[in-house]
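We use all heavy atoms of the structure for the numbers below, so side chains are in, but hydrogens, waters and symmetry mates are not. Not measured: the values here are computed from a predicted model.
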Amino acid sequence: PLDLGLGWLVAAHVIFAGLGMIALARRLGLGQLGQAVSALAFSLSGYLIARTSFITINNAVAWLPWLIWAGEGLARNRRFKEALLLGLFLGLQLLAGHAQIAWYSILLVTAWAIWQSVKYGISNTKYVARVAYSVLRSGLLLCSSLLLAFSLAAIQLLPTAELLSQSQRAGGGDFAFIANYSYWPWRLITLAAPDFFGTPATGDYRGYGNY
């Protein structure tokens, strides 16, 4: 029963990720074909499917298109309602349980919102002061979203911080441990030949670190 439940949970998040890409593509003005291709390309991507065995990553990544969707709405409309929605989505992603994915997502949605604010500001006026005001307003709304997100997730983040302070990683790690999952330069070959170093599917993987 547990395996079955986790399987359905993974499938639900893959579908949720696809729906998020449809919503984002529609907001960006893509047609139905573009929306379908975007949803399939993201929800069935190698990363998302390969990480189904790491369920917290799978759960957290599924929120990414929804975050960008909300960030786009915040940059475009600059209303508190969009900030609340973005904060809610960020809070739920934080509760998904994977800190690195949440951190990358916050960086991405921040960059997206600021860039789009500049773009929409320039399209609406040529006055530098008004463009600066547009970006500043978006930035303040984004800060309120982050505050709301961390407040919603505090019930889990605070005990997690306490646990981390007492864990074996509290003092950091040595270079070999930290760099264990760094990008091996030879992996550039796999951009053209994905199985150049073998594959776990046939048991002949001979590359560095994970496949």
Side-chain angles (χ1 to χ4, degrees), residues 9-52 57-96 98 100-150 152-153 191 194:
L9 183 64
V10 168
H13 279 85
V14 170
I15 294 171
F16 183 66
L19 293 175
M21 281 304 299
I22 290 175
L24 175 58
R26 183 182 297 127
R27 173 160 278 183
L28 294 178
L30 275 67
Q32 291 185 347
L33 178 60
Q35 295 172 28
V37 171
S38 298
L40 292 172
F42 181 73
S43 64
L44 299 180
S45 64
Y47 182 80
L48 201 61
I49 299 302
R51 285 301 191 178
T52 54
I57 291 182
N58 182 264
N59 293 351
V61 172
W63 283 100
L64 184 56
W66 291 103
L67 292 175
I68 302 300
W69 176 84
E72 171 70 17
L74 184 148
R76 185 178 299 183
N77 301 315
R78 298 186 298 280
R79 295 182 301 190
F80 193 64
K81 181 175 70 174
E82 276 78 15
L84 289 176
L85 194 58
L86 178 58
L88 174 62
F89 289 171
L90 278 171
L92 290 171
Q93 190 195 45
L94 287 169
L95 290 173
H98 200 270
Q100 292 94 325
I101 294 298
W103 174 241
Y104 299 151
S105 299
I106 289 172
L107 292 179
L108 179 58
V109 75
T110 298
W112 182 282
I114 293 175
W115 169 58
Q116 291 294 81
S117 296
V118 173
K119 187 182 76 171
Y120 290 126
I122 292 174
S123 66
N124 292 329
T125 179
K126 295 182 179 179
Y127 293 102
V128 175
R130 291 185 179 178
V131 175
Y133 171 77
S134 172
V135 175
L136 179 61
R137 181 176 175 83
S138 295
L140 291 174
L141 288 172
L142 188 60
C143 288
S144 66
S145 297
L146 292 173
L147 180 61
L148 174 62
F150 282 102
L152 290 173
L191 290 173

| Whether over 12 other heavy atoms sit under 6.0 Å from K81 NZ | no
| note | Tightest non-hydrogen contact, residues L48 and A17, listed as CD2-CB, 3.9 Å
| message | Is there a side-chain contact between L74 and S145 in this structure, where contact means two heavy atoms from C-beta onward sitting under 4.5 Å apart? | response | yes
| query | Where is the tightest heavy-atom contact between W66 and A23, given as atom of each residue plus distance? | reply | CZ3-CB, 4.0 Å
| task | Please tell me if the side chains of L88 and L84 come closer than 4.5 Å, counting only heavy atoms from C-beta onward. | result | no
| query | Less than 4.5 Å apart, any side-chain heavy atom of Q116 and any of E72? | reply | yes
| field | Check: I57 and Y47 side chains under 4.5 Å, non-hydrogen atoms | value | yes
| query | What's the verdict on side-chain contact (heavy atoms from CB on, under 4.5 Å) for L30 and S38, showing C-alpha distance, side-chain angles and the deciding distance? | reply | CA-CA 9 Å; L30 275 67; S38 298; 3.9 Å; yes
| request: Can you measure from OG1 (T110) to CG (L67) and round to the nearest 0.5 angstrom? | output: 10.0 Å
| said: Has Q93 got a side-chain atom pairing as donor or acceptor with A60's backbone, closer than 3.5 angstrom? | reply: yes
| task | Drop me the distance from L90's CG to L148's CG, to the nearest 0.5 angstrom. | result | 9.0 Å
| Point-to-point distance, once rounded to the nearest 0.5 Å, from OG of S105 to CG of L64 | 4.5 Å
| query | CZ/R137 to CZ/R78 distance, rounded to the nearest 0.5 angstrom? | reply | 7.5 Å
| task | Please tell me if the side chains of R27 and I68 come closer than 4.5 Å, counting only heavy atoms from C-beta onward. | result | no
| message | Classify the ring geometry of W69 against F89: parallel below 30°, tilted from 30° to 60°, perpendicular beyond 60°. | response | tilted
| task | Would you please indicate yes or no on a ring centroid separation below 6.0 angstrom for W112 and W115? | result | yes
| Roughly how far, to the nearest 0.5 Å, is the CD1 atom of I49 from the OG atom of S43? | 7.0 Å
| request: Carefully, step by step, assess N59 and H13 under the rule side-chain hydrogen bond (donor to acceptor under 3.5 Å, both in side chains). | output: CA-CA 6 Å; N59 293 351; H13 279 85; 3.3 Å; yes
| task | Can you see which heavy atom on G71 is nearest to which on A113, and at what distance? | result | O-CB, 4.2 Å
| task | Heavy atoms only: give me the nearest L94-A153 pair and the separation to one decimal. | result | CB-CB, 3.7 Å
| request: Answer whether the closest heavy-atom distance between the side chains of V14 and N58 falls below 4.5 Å. | output: yes
| Rounded to the nearest 0.5 Å, how far apart are CG of L40 and CD of Q35? | 12.0 Å
| field | Nearest heavy-atom neighbours spanning A39 and M21 | value | CA-CB, 3.7 Å
| message | Could you check whether any side-chain heavy atom of L141 comes within less than 4.5 Å of a side-chain heavy atom of E82, counting everything from C-beta outward? | response | no
| What are the two closest non-hydrogen atoms of S144 and A83, and how far apart are they? | OG-CB, 3.7 Å
| said: I want to check something: taking the side chain as every heavy atom from C-beta on, are V61 and R51 in contact at a cut-off of under 4.5 Å? | reply: no
